[in-house]
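Notes follow the structure.
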Amino acid sequence: MNIAAASDARVDLTLGVLGPTVVLHDGRAVTVGGPAPRTLLCRLVIANGRFVSIDALVDCLWPHDPPPSARITAQGYLSVLRRALEPGRLPRQPGRVLIRDGAGYALRLGLITLDAERFGAAVTQGRDLLAGGDARSALVRFDEALALWRGPAYADCADHEFVVAESQRLQELRTGAVEHRLAALIELGAHETAAAGLRAFLVEHPLRERGWALLAQALYRAGRQGDALAALRDARHRLMDELGVEPGPELAELHHDILDQALTPVPSPFMDRAGTRSSSNLPHSISTLVGRVGERQVVSDLLSRHRLVTLTGAGGMGKTRLALAVAGARRDADGPWFVELAGLHEPAVLAGRLCAALQITGTGGIDTLIAALRSRAMLIVLDNCEHVAGAVGALVSALLSACPNVRVLTTSRQSLRVDGEHLFEVPPLSSGVEGEAVTLFIERAAAVLSGWSPGADERRLIAHLCAALDGMPLAIEFAAAQCRVLSPRQILEHLDDRFALLSGERTSSRHTTLLGLMDSWYELLNDAEREALQALAVFEGGFALSAAKAVTGRSDTLIDLTSLVEKSLVTVVNGDDRRYVMLETIRQYALRRTPVDRRDALGGRHTAWIRELADIAGDELRGPDSATWMRLLHIESDNVRAAMRRASAAGDTAAVLRIAGGLYWFWYRQGRVDDGLHYLEPALRQADPRIHEHALVARAAMGLALLRYVGGARGQVAEALALAGRHGAATDDLGVRAQVLATIAYFEAADGAAQAAVRHAAEALALARSVGHHATAAEALMCLGEAQRRSGLAVQAEATLAAALREADRCGHGWATVSVLWLMSKIELSLDRPGKATVLVRRMLEEAHRRADTTGWLVSVAMYAHLMARAGRAEDAVELLGTVRSLGDRVGYQAEAMDAELAGYLAEIPSGSPPDRFAAAEARGRDRSVEQTMAWLRSDPPFGDQRFSSRVTVPDVRAERTPPRAVGRR
């Protein structure tokens, strides 16, 4: 029974018999044992997948006098052998490689890479190439084949009878391969080199007539006709003396051809068959290179200054196309030359591959390469070096050291890590409607949809599609090819399974499918790198080193992360604290290769990390480092959404409530209403007081109230406040209870329930001070002051708000500072003191900007627009309104929707005459960024005698002694 072709998942197992027996797992040598296990292994290899009985195996170990325990001992050796072949096999688990049945044992050779099979295949390919006239490629194949030999075949058991026939067969193939290789050298014009090799060959094989014929041809073509005839004479004498026979017809005919000088000449090195000197072998692209103008210039400049440049980047990013474009634009005297290394798997034949590609004849070693290029001025492009990066680095270093006018441009997913190397990471194609990615998609799609020209809306959709494909040229080309069947919208909708969607094969490309490309680089990773890649794929939107350690659970994560960065699987975002990003295509592939149980475990760790982040953020967002935490949470928003989505899908209500309870303040200040409401509302509906802590539910309900308020859903705020109030009253956490009461007081004051607001604010203040919560105390004072203001008690309100401001400044609660300044400016406006209101609004504006408080900043600008209008600058006011509405639209927040007084202020701004000027002013405002707006307002205040400063102080209201006056809504 032959099981060589049995189907099973392939293991990375290599077996070598062309020399001492070796077993390699993932490229690493595995101990096989002593002579006996090695002999059994060789016997099973020679059986070629057929079962060998235990008695036959005993006979090969003890052919004459086996000991009584021979069968048991042999089975023990087989157990040793199985452990070497299948190190990960569990006890009692059936074997995959070494198989047993009642009849005996066999190797499943279909799961093994056998060097003897690789040798035979390479020799056959070389012979076919040589017969087809491609001597250069044939030479590479023969070199690859001969490099596999490490000594005599089956060296560990060469004296055993069972190995003799197979060993002789392989040796005969080897002798023929050497002979064919020397013939290829002659075809390539390396006549002297071939002649020297043939003389050495004939010392070992003096009776091979073809060897003598090749020697005569090499000598004749080297211009040595007499030596050629002498070689033929020596061949005749040797055959007559040893065998008593005359030379065959091939030698006789060759003798006549040499005498008649009838042999066809062969070109010399660097010459084609027409006798013309070749100066380049760059392949010509069938399709155009889209964009990359800037990258081409950068790489060209690097090559002008440095002699070794490596283009790194993820697979499919267009490194080869960029390298060819740069090389094609150069004007080197002896180049450029292109060497494809994707199919090279034996570093030992690397120099030979270069010699063949560069049309250099000789032995194919580094010495031959250096001798040929020492005086050349040329650029060599080495493509796809990552799988042999070490060997390429060593060869390039030796070459550049000896050849001063040679430059090398390599493409590799990882650095060669040699002196003098300069890296350029090939970026994604530029984004946007007019970007390179969209241009490439449209150009490639038009090739399958004749006459197709997308409109503006479809171009925007394509821009979104290309962004989802990471701006990766290969993925975009695969997607564009699908336009024959699907619309761009349908392609975008099906990107969740991009590897199935983008599976159309391209026969003209090295990468026939996107999944095939991903598989190729994944196979180059070791186990630790694969595990790290799978773990890091759980992050969305990137991660910091500390986060990576938290999720992987390993303190040495940096080692594998560094390796993944070097192999272009993770990208570094520069900054004081480095951040790391994985292309979405790579991330999705890594998740695809992660077992389900491990994916769930990693997701749980990621959610736990976000929970801990939210716990800390809850307090920090109300402290002096709030701006830092606002920026951090903005960066981690994708990870937060991923954790919330995962917890919600798993029904983990406690996790959703806990995360929301810590982060609602960030959503509120950033105007990110949808981020919170999407998960908060269903989680609070599922909250169960018998399971979930009251403090947990109360914090989340406060978040719900504030997000509904910012989102303009004022009618639904009371419901959330009632829920927060019930759970706040039930919790023993006095800090949470104080926050709930302060929040309720704020809304009560806004709704005219002044007495209730005063009572709740005072209670919140007392609780906050009892537990030392200064930020909550500042909020309680602010709410108390607002209740007083709404009650018409301006003097009391000013005094209370001034106290709130001092408390907020003391503890660094930026939001409270901004909010108190806003309320104080309203008092100044109600007292018809716009100049003093401007002082307050300016500081409010600066505080909100410095603390990354988006909603506070938009309210400040809206207030500034009102002040502009009061100063008689209506167009400037309209321009600021344009900025507020444009930036508000981006985060889903409209300032006037959350505050009736603010809406009243903005309604007073003229906007109708002349309409064209006001429309133009609003359009200018919509185009302004935050920083541009800040620069304008700092330099041009509405009241010229005021100086804009973030250090504006609030006047001591006790010195004003302004008479009491009703303060109503404007």
Side-chain angles (χ1 to χ4, degrees), residues 11-12 24-31 87-88 310 312-315 386-390 393 412-418 421 423 425 518-519 521-616 632 635-636 638-640 642-643 646:
V11 294
D12 191 3
L24 303 175
H25 272 285
D26 295 323
R28 293 188 291 271
V30 177
T31 301
T310 295
T312 64
E386 52 272 354
H387 59 298
V388 284
S412 176
R413 296 187 196 116
Q414 67 183 85
S415 163
L416 304 184
R417 305 182 74 174
V418 296
E421 180 185 29
L423 303 179
E425 184 169 357
M518 299 290 115
D519 287 339
W521 58 251
Y522 191 79
E523 295 305 318
L524 296 177
L525 303 180
N526 59 40
D527 289 342
E529 290 167 340
R530 291 176 184 178
E531 289 182 5
L533 188 75
Q534 292 171 2
L536 298 176
V538 76
F539 290 102
E540 296 187 21
F543 54 91
L545 178 58
S546 57
K549 290 180 178 179
V551 170
T552 61
R554 292 177 49 186
S555 59
D556 62 347
T557 296
L558 180 60
I559 297 173
D560 295 324
L561 176 59
T562 300
S563 181
L564 295 176
V565 169
E566 289 180 346
K567 295 182 177 180
S568 302
L569 297 174
V570 174
T571 302
V572 181
V573 179
N574 290 330
D576 185 45
D577 283 327
R578 292 289 195 267
R579 191 167 176 81
Y580 309 92
V581 178
M582 197 181 296
L583 293 179
E584 184 62 17
T585 300
I586 294 175
R587 197 182 76 83
Q588 291 288 347
Y589 177 83
L591 291 175
R592 179 189 181 101
R593 296 297 297 258
T594 308
V596 174
D597 55 347
R598 184 162 192 258
R599 193 186 311 166
D600 292 342
L602 290 168
R605 291 184 194 171
H606 180 268
T607 301
W609 166 65
I610 291 293
R611 283 201 312 268
E612 293 172 7
L613 188 73
D615 288 344
I616 301 171
L632 173 63
I635 292 171
E636 299 293 1
D638 287 336
N639 280 313
V640 170
R646 185 185 305 113

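Below, each value reflects all heavy atoms present in this structure, side chains not excepted, and no hydrogens, waters or symmetry copies. Nothing fancy with the numbering, it's 1 onward along the sequence.
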Item to check | Spatial distance of atom OG1 (Thr312) from atom CZ (Arg413) [nearest 0.5 Å] | outcome: 11.5 Å
Item to check | Summary of salt bridge (Lys or Arg N to Asp or Glu O under 4.0 Å) pairs that have at least one residue in residues 533-545, sequence neighbours excluded | outcome: Glu540-Arg587, Glu540-Arg645
Checklist entry - From Leu423 CG over to Ser568 OG, what is the distance, rounded to the nearest 0.5 angstrom? => result 9.0 Å
Checklist entry - Thr607 and Arg646: side-chain donor and acceptor closer than 3.5 Å? => result yes
Checklist entry - Minimum heavy-atom separation for Thr557 to Ala548, with atom names? => result CG2-CB, 4.0 Å
Checklist entry - Which residue pairs satisfy the ring-ring contact (aromatic ring centres under 6.0 Å, His included) criterion with at least one member in residues 548-568, sequence neighbours excluded? => result none
Item to check | Pairwise salt bridge (Lys or Arg N to Asp or Glu O under 4.0 Å) hits with a residue in residues 524-535, at least two apart | outcome: Glu523-Arg530, Glu529-Lys567
Item to check | Nearest-0.5 Å distance that lies between atom CG in Leu569 and atom CG in Leu583 | outcome: 9.0 Å
Next on the checklist: Test: ring-ring contact (aromatic ring centres under 6.0 Å, His included). Region: residues 536-576. Which pairs qualify, not counting sequence neighbours?
Outcome noted: Phe539-Phe543, Phe539-His606, Phe539-Trp609, Phe543-Tyr580
Next on the checklist: Set out, in order, the CA-CA distance, both residues' side-chain angles and the distance that settles side chain to side chain contact (heavy atoms under 4.5 Å, CB included) for Val570 and Ile586, then state yes or no.
Outcome noted: CA-CA 9 Å; Val570 174; Ile586 294 175; over 6 Å; no
Checklist entry - side-chain contact (heavy atoms from CB on, under 4.5 Å) with Asp556: which residues, sequence neighbours excluded? => result Arg554, Ile559
Next on the checklist: Taking the side chain as everything from C-beta on, heavy atoms only, tell me whether Leu524 gets closer than 4.5 Å to Glu386.
Outcome noted: yes
Item to check | Heavy-atom side-chain proximity of Val538 to Thr594 below 4.5 angstrom | outcome: no
Checklist outcome for this item: Rounding to 0.5 Å, atoms CG (Leu602) and OG1 (Thr552) come to a distance of 9.0 Å
Checklist entry - Thr571 versus Met582: any side-chain heavy-atom pair under 4.5 Å? => result no
Item to check | Close side-chain approach of Gln534 and Pro595, heavy atoms under 4.5 Å | outcome: yes
Checklist outcome for this item: Of all heavy-atom pairs linking Asn639 and Gly542, the shortest is ND2-O, 2.9 Å
Checklist entry - Do Leu561 and Leu536 touch side chain to side chain, with heavy atoms closer than 4.5 Å? => result yes
Checklist entry - Looking at residues at least two apart in the chain, or sitting in another chain, which of them share a side-chain contact (heavy atoms from CB on, under 4.5 Å) with Ala528? => result Asn526, Asp560
Checklist entry - Does Arg417 CZ have over 12 foreign heavy atoms under 6.0 Å away? => result no
Next on the checklist: Taking side-chain hydrogen bond (donor to acceptor under 3.5 Å, both in side chains) as the definition, give me every residue that meets it alongside Thr310, ordered by chain and number, with sequence neighbours left out.
Outcome noted: Thr410, Glu421
Checklist entry - Among all residues two or more places apart in sequence or in another chain, which pass the side-chain contact (heavy atoms from CB on, under 4.5 Å) test with Asp519? => result Leu515, Tyr589, Arg593
Checklist entry - Who passes side-chain contact (heavy atoms from CB on, under 4.5 Å) against Val581, sequence neighbours left out? => result Val573
Checklist outcome for this item: Hits for side-chain hydrogen bond (donor to acceptor under 3.5 Å, both in side chains) against Arg605, two or more places apart or cross-chain, chain-then-number order -> none
Next on the checklist: Testing the basics here: between Gly541 and Asp638, what is the closest heavy-atom pair and its distance to 0.1 Å?
Outcome noted: CA-OD2, 3.6 Å
Next on the checklist: Taking side-chain hydrogen bond (donor to acceptor under 3.5 Å, both in side chains) as the definition, give me every residue that meets it alongside Arg611, ordered by chain and number, with sequence neighbours left out.
Outcome noted: none
Checklist entry - Should Arg579 and Glu636 count as an ion pair when the cut-off is N to O under 4.0 Å? => result yes
Checklist outcome for this item: Sorted by chain and number, sequence neighbours left out, side-chain hydrogen bond (donor to acceptor under 3.5 Å, both in side chains) with Thr585 holds for Asp470, Arg498
